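In what follows, a structure is listed as structure tokens, so that the remarks can point back to it.
What you see below is based on every heavy atom in this structure, not just the backbone, and it leaves out hydrogens, waters and symmetry mates. For clarity, every value in this text was computed on a predicted model and none was experimentally measured. Indexing begins at 1, ligand by ligand and atom by atom, following the structure's order. Here, residue 1 is the first one in the sequence, and each next residue gets the next number.
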Amino acid sequence: MIFIVDLLLMLIDLTYSILTAIVQTFLRPRLKCIDGELCLITGAGGALGRLFALEFAKEGARLVLWDCDAAANEQTAKLARETGAEVHAYTVDLSKRQSIYETAGRVRAEVGDISILVNNAGVVAGRRLLDCPDELLERTLLVNCHALFWMTKAFLPQMKAKNHGHIVTIASALGLFSTACVEDYCASKFGAVGFHESLTHELLAEDLDGIKTTLVCPYIVDTGMFAGCEIRKELKNLIPPLQPLYTVQQSMKAILAEQQMICIPRLMYIPSFMKQNVLLPWEANVATYRFMGGDKCMLPFIKNVEMKTSNGHIKSS
Ligand SMILES: NC(=O)C1=CN([C@@H]2O[C@H](COP(=O)(O)OP(=O)(O)OC[C@H]3O[C@@H](n4cnc5c(N)ncnc54)[C@H](OP(=O)(O)O)[C@@H]3O)[C@@H](O)[C@H]2O)C=CC1
Ligand SMILES: CC1=C(/C=C/C(C)=C/C=C/C(C)=C/C=O)C(C)(C)CCC1
């Protein structure tokens, strides 16, 4: 009898959630106020990290900026301070767990408890698997995926104590579906998606409804990280690379609306759905990838990286 009642309640929940999602698609979502909240952004010296810092500053957040590149991080801090924001910058190598824990202890002691955590830092090897030094492959997993564990272990306890907080994971469309020559990156971003989902389930299971999570899955963003990556030229105008500011503004809307997940652009929901859709044979995906140039899109990017490495622009270890 209990089973039947639970089944009916689940069906009511399911219907209600679908109807509210449809209604919310057409309504302007209510955006939360984060004035005075303490927000930590990793990779804050990078293209998107810098824009996130400035957007959170606009919302009145106090900023803690982490990056391994002290100069780039300091530049972001300077720009954010010019807007009047309170900013604390720390140089941290996210590939080193101890470095994360030690610096997190400093942040808690020197600044206070983080209530918004934006895991934005990310790297990619940009080499074919068999041409890629193991250390580069390992670094991608350490920065894009392992670091999420240590960052969350460092800052979630204080959020739990107050049942208040927000954990943002900047993943990628390549955390939902994959393509050739980015095994390190796809593995790390699929891991990031899985981490986000399991953490979200765990928070719900513990009735920690005051702690929100948002997964951000963008397509190519024109920041230079994937310079050269492109799909079939006839389709490039249909799905152009995203502008960095647009990507961050769309992400901010999802975060402030406490949306659980966002694909940017929405078109990325389609290849993600097709890949997850067990009704479609693998060959059906391969046919669409080949037609749209999704199968070879990384080759020009890989060539770019090879040229930069041979010119000595990128550390080859
Ligand atoms: N650009 C794109 O096409 C897309 C990017 N993304 C994701 O968005 C996020 C930001 O990307 P984007 O701004 O383009 O990339 P950037 O390379 O511009 O920024 C990444 C930042 O992370 C920092 N970082 C790298 N390794 C470490 C480390 N070990 N410890 C601390 N900081 C580190 C980088 O520092 P340094 O410069 O010194 O390496 C850099 O400042 C990433 O997670 C990326 O995967 C998602 C979809 C598309
Ligand atoms: C594979 C594939 C596509 C190309 C996707 C690309 C090129 C994604 C690049 C994403 C990046 C660079 C993310 C970085 O984090 C299409 C044409 C959309 C649809 C068919 C499948």
Side-chain angles (χ1 to χ4, degrees), residues 41-53 65-73 75-76 90-97 99-100 103 118-124 126 138-148 150-151 168-182 184-186 188-189 192 215-232 234-236 238-244 247-248 251 263-265 267-275 284-301 314-315:
I41 300 168
T42 65
L48 298 185
R50 178 164 298 166
L51 292 171
F52 271 117
L65 307 180
W66 282 21
D67 200 293
C68 60
D69 181 336
N73 205 28
Q75 175 60 13
T76 300
Y90 294 83
T91 305
V92 194
D93 180 352
L94 290 171
S95 68
K96 301 207 172 19
R97 182 176 64 214
S99 170
I100 290 176
T103 313
V118 183
N119 289 310
N120 161 76
V123 292
V124 60
E138 204 164 37
R139 183 181 68 125
T140 303
L141 271 294
L142 290 171
V143 174
N144 298 5
C145 187
H146 292 216
L148 304 180
W150 322 137
M151 292 304 290
V168 181
T169 304
I170 310 298
S172 167
L174 295 182
L176 303 172
F177 57 88
S178 59
T179 185
C181 302
V182 274
D184 62 319
Y185 192 78
C186 282
S188 73
K189 292 297 185 179
L215 177 71
V216 179
C217 296
Y219 174 66
I220 309 170
V221 187
D222 191 14
T223 67
M225 182 178 186
F226 283 88
C229 171
E230 61 179 14
I231 62 174
R232 180 184 189 133
E234 294 88 342
L235 295 173
K236 264 175 74 175
L238 177 71
I239 325 175
L242 297 164
Q243 286 309 305
T247 306
V248 169
S251 304
C263 279
I264 310 169
L267 260 178
M268 289 302 117
Y269 285 110
I270 298 173
S272 170
F273 171 74
M274 282 183 68
K275 201 216 72 170
N285 279 302
V286 172
T288 53
Y289 285 34
R290 284 197 179 129
F291 167 67
M292 299 182 80
D295 59 334
K296 296 192 167 68
C297 60
M298 289 294 170
L299 298 187
F301 161 59
I314 294 184
K315 41 187 178 297

**Asked** Is the backbone of Leu65 close enough, under 3.5 Å, to the side chain of Asn73 for a donor and an acceptor to pair up by distance?
**Response** yes
**Request:** Mark the output for Ala72 as yes if a heavy-atom distance to ligand 1 is under 4.0 Å, and as no if none is.
**Result:** no
**Item:** Interatomic spacing from CG in Leu242 to CG in Asp222 - rounded to 0.5 Å
**Value:** 9.0 Å
**Message:** Tell me the protein heavy atom at minimum distance from atom 3 (C) of ligand 2, and give that distance in Å.
**Reply:** Gly294 CA, 4.0 Å
**Asked** Would a distance-only check, ignoring hydrogens and angles, find a side-chain to backbone donor-acceptor pair under 3.5 Å from Arg232 to Phe291?
**Response** yes
**Message:** Tell me the contacting part of Ala173 for ligand 2: side chain, backbone, both, or neither, using a 4.0 Å heavy-atom threshold, strictly below.
**Reply:** neither
**Request:** Using a strict cut-off of 4.0 Å, indicate which atoms of ligand 1 neighbour a heavy atom of Ala171.
**Result:** 7 (C), 46 (C)
**Prompt:** Against heavy atoms of Ser95, which atoms of ligand 1 measure under 4.0 Å?
**Reply:** 29 (N)
**Item:** From Met298, Met292, Lys275 - option closest to atom 19 (C) of ligand 2 by heavy atom
**Value:** Met292
**Request:** Working to the nearest 0.5 Å, report the span between OG of Ser99 and CG of Asp93.
**Result:** 6.0 Å
**Item:** side-chain contact (heavy atoms from CB on, under 4.5 Å) partner of Asn144, chosen from Val123, Leu94, Val124
**Value:** Val123
**Asked** Within less than 4.0 angstrom of ligand 1, does Arg50 place any heavy atom?
**Response** no
**Request:** Return the residue, atom name and 0.1 Å-rounded distance of the protein heavy atom closest to atom 7 (C) of ligand 2.
**Result:** Cys297 SG, 3.6 Å
**Prompt:** Between Trp66, Tyr185, Phe226, which one has a non-hydrogen atom sitting closest to atom 6 (N) of ligand 1?
**Reply:** Tyr185
**Request:** Check whether any N or O atom of Ser172, backbone or side chain, sits under 3.5 Å from an N or O atom of ligand 1, and answer yes or no.
**Result:** no
**Asked** So is Tyr219 in contact with ligand 1, going by heavy-atom distances below 4.0 Å?
**Response** yes
**Request:** I would like to know whether Val92 and Cys68 meet side chain to side chain contact (heavy atoms under 4.5 Å, CB included); could you show each step before the answer?
**Result:** CA-CA 5 Å; Val92 194; Cys68 60; over 6 Å; no
**Request:** Identify, for atom 4 (C) of ligand 2, the protein heavy atom at the shortest distance, and state residue, atom and that distance.
**Result:** Ile231 CG2, 3.9 Å
**Item:** Of Val216, Ile41, Val118, Asn120, the residue whose pairing with Leu48 passes side-chain contact (heavy atoms from CB on, under 4.5 Å)
**Value:** Asn120
**Request:** Please assess Trp66 against Ile100 for the test side chain to side chain contact (heavy atoms under 4.5 Å, CB included), listing each intermediate value before the final yes or no.
**Result:** CA-CA 10 Å; Trp66 282 21; Ile100 290 176; 4.1 Å; yes
**Prompt:** For Ala72, does its backbone N or O pair with a side-chain atom of Thr76 as donor and acceptor, under 3.5 Å?
**Reply:** yes
**Prompt:** Backbone, side chain, both or neither: what part of Pro241 comes under 4.0 angstrom of ligand 1, heavy atoms only?
**Reply:** neither
**Asked** atom 11 (C) of ligand 2: which protein heavy atom is closest, and how many Å away?
**Response** Leu174 CD1, 3.7 Å
**Contact (N/O only, under 3.5 Å) between Ser172 and ligand 2** = yes
**Prompt:** Is it the side chain (CB and beyond), the backbone, both or neither of Arg139 that lies under 4.0 Å from ligand 1, heavy atoms counted?
**Reply:** neither
**Polar proximity ligand 1 side, Pro218 side, N/O cut 3.5 Å exclusive** = no
**Request:** Using modelled atom types only, decide if a donor and an acceptor are shared between the side chain of Lys189 and the backbone of Cys217 within a distance under 3.5 Å.
**Result:** no
**Request:** Hey, could you give me the CZ/CG distance between Arg50 and Asp67, rounded to the nearest 0.5 Å?
**Result:** 9.0 Å
**Complete:** Quick look: Met268 vs ligand 2, heavy-atom contacts under 4.0 Å, and the answer is side chain
**Asked** How far is atom 6 (C) of ligand 2 from its nearest protein heavy atom, and which residue and atom name does that atom have?
**Response** Tyr219 CE1, 3.5 Å
**Request:** Report the part of Val143 (side chain from C-beta onward, or backbone N, CA, C, O) that has a heavy atom under 4.0 Å from ligand 1; answer both or neither where that applies.
**Result:** side chain
**Prompt:** Does any N or O in the side chain of Ser272 come within less than 3.5 Å of the main-chain N or O of Leu176, such that one atom is a donor and the other an acceptor?
**Reply:** no
**Message:** Can you tell me how the ring of Phe301 sits relative to the ring of Phe226, calling it parallel under 30°, perpendicular over 60° and tilted otherwise?
**Reply:** tilted
**Message:** At less than 4.0 angstrom from any non-hydrogen atom of Phe226, what atoms of ligand 2 do you find?
**Reply:** 12 (C), 14 (C), 15 (O)
**Prompt:** For ligand 1, which atoms, with element, lie under 4.0 Å from some heavy atom of Gly122?
**Reply:** 20 (C), 22 (O), 42 (C), 43 (O)
**Asked** Among Asp69, Leu48, Val216, which residue places a heavy atom closest to atom 38 (O) of ligand 1?
**Response** Asp69
**Message:** Before you tell me yes or no, could you show the steps for Met268 and Phe273 under side chain to side chain contact (heavy atoms under 4.5 Å, CB included), namely the whole-Å CA-CA distance, both residues' side-chain angles and the distance that decides it to 0.1 Å?
**Reply:** CA-CA 9 Å; Met268 289 302 117; Phe273 171 74; over 6 Å; no
**Fill in**
Looking at Asn120, Leu94, Val123, the heavy atom closest to atom 26 (N) of ligand 1 belongs to Val123
**Request:** Enumerate the atoms of ligand 1 whose separation from the nearest heavy atom of Val92 is less than 4.0 angstrom.
**Result:** 30 (N), 31 (C)
Using distance only, find each side-chain donor-acceptor pair of residues 292-299 under 3.5 Å and give its atom names and separation, not counting sequence neighbours.
none

**Prompt:** So which of Val248, Ile170, Ile220, Thr223 gets nearest to atom 1 (N) of ligand 1, if we judge by its closest heavy atom?
**Reply:** Thr223
**Request:** Mark whether atom 13 (C) of ligand 2 lies under 4.0 angstrom from at least one protein heavy atom.
**Result:** yes
**Request:** Identify the protein heavy atom lying closest to atom 15 (O) of ligand 2, giving its residue, its atom name and the separation to 0.1 Å.
**Result:** Tyr185 OH, 2.4 Å
**Asked** Just going by heavy-atom distances, which of Ala47, Ala70, Gly43 is nearest to atom 18 (O) of ligand 1?
**Response** Ala47
**Asked** Where do Met225 and Val221 land on the side chain to side chain contact (heavy atoms under 4.5 Å, CB included) test, with the steps shown first?
**Response** CA-CA 8 Å; Met225 182 178 186; Val221 187; over 6 Å; no
**Prompt:** Hey, is the main chain of Thr247 close enough, under 3.5 Å, to the side chain of Ser251 for a donor-acceptor pair?
**Reply:** yes
**Request:** Mark up the atoms of ligand 1 that fall under 4.0 Å of a heavy atom belonging to Ala121, in ascending order.
**Result:** 22 (O), 43 (O)
**Request:** Measure the distance from atom 9 (C) of ligand 2 to every protein heavy atom, then report the residue, atom name and distance (to 0.1 Å) of the closest one.
**Result:** Ile220 CG1, 3.5 Å
**Sole residue of Pro265, Pro271, Cys263 in side-chain contact (heavy atoms from CB on, under 4.5 Å) with Leu267** = Pro265
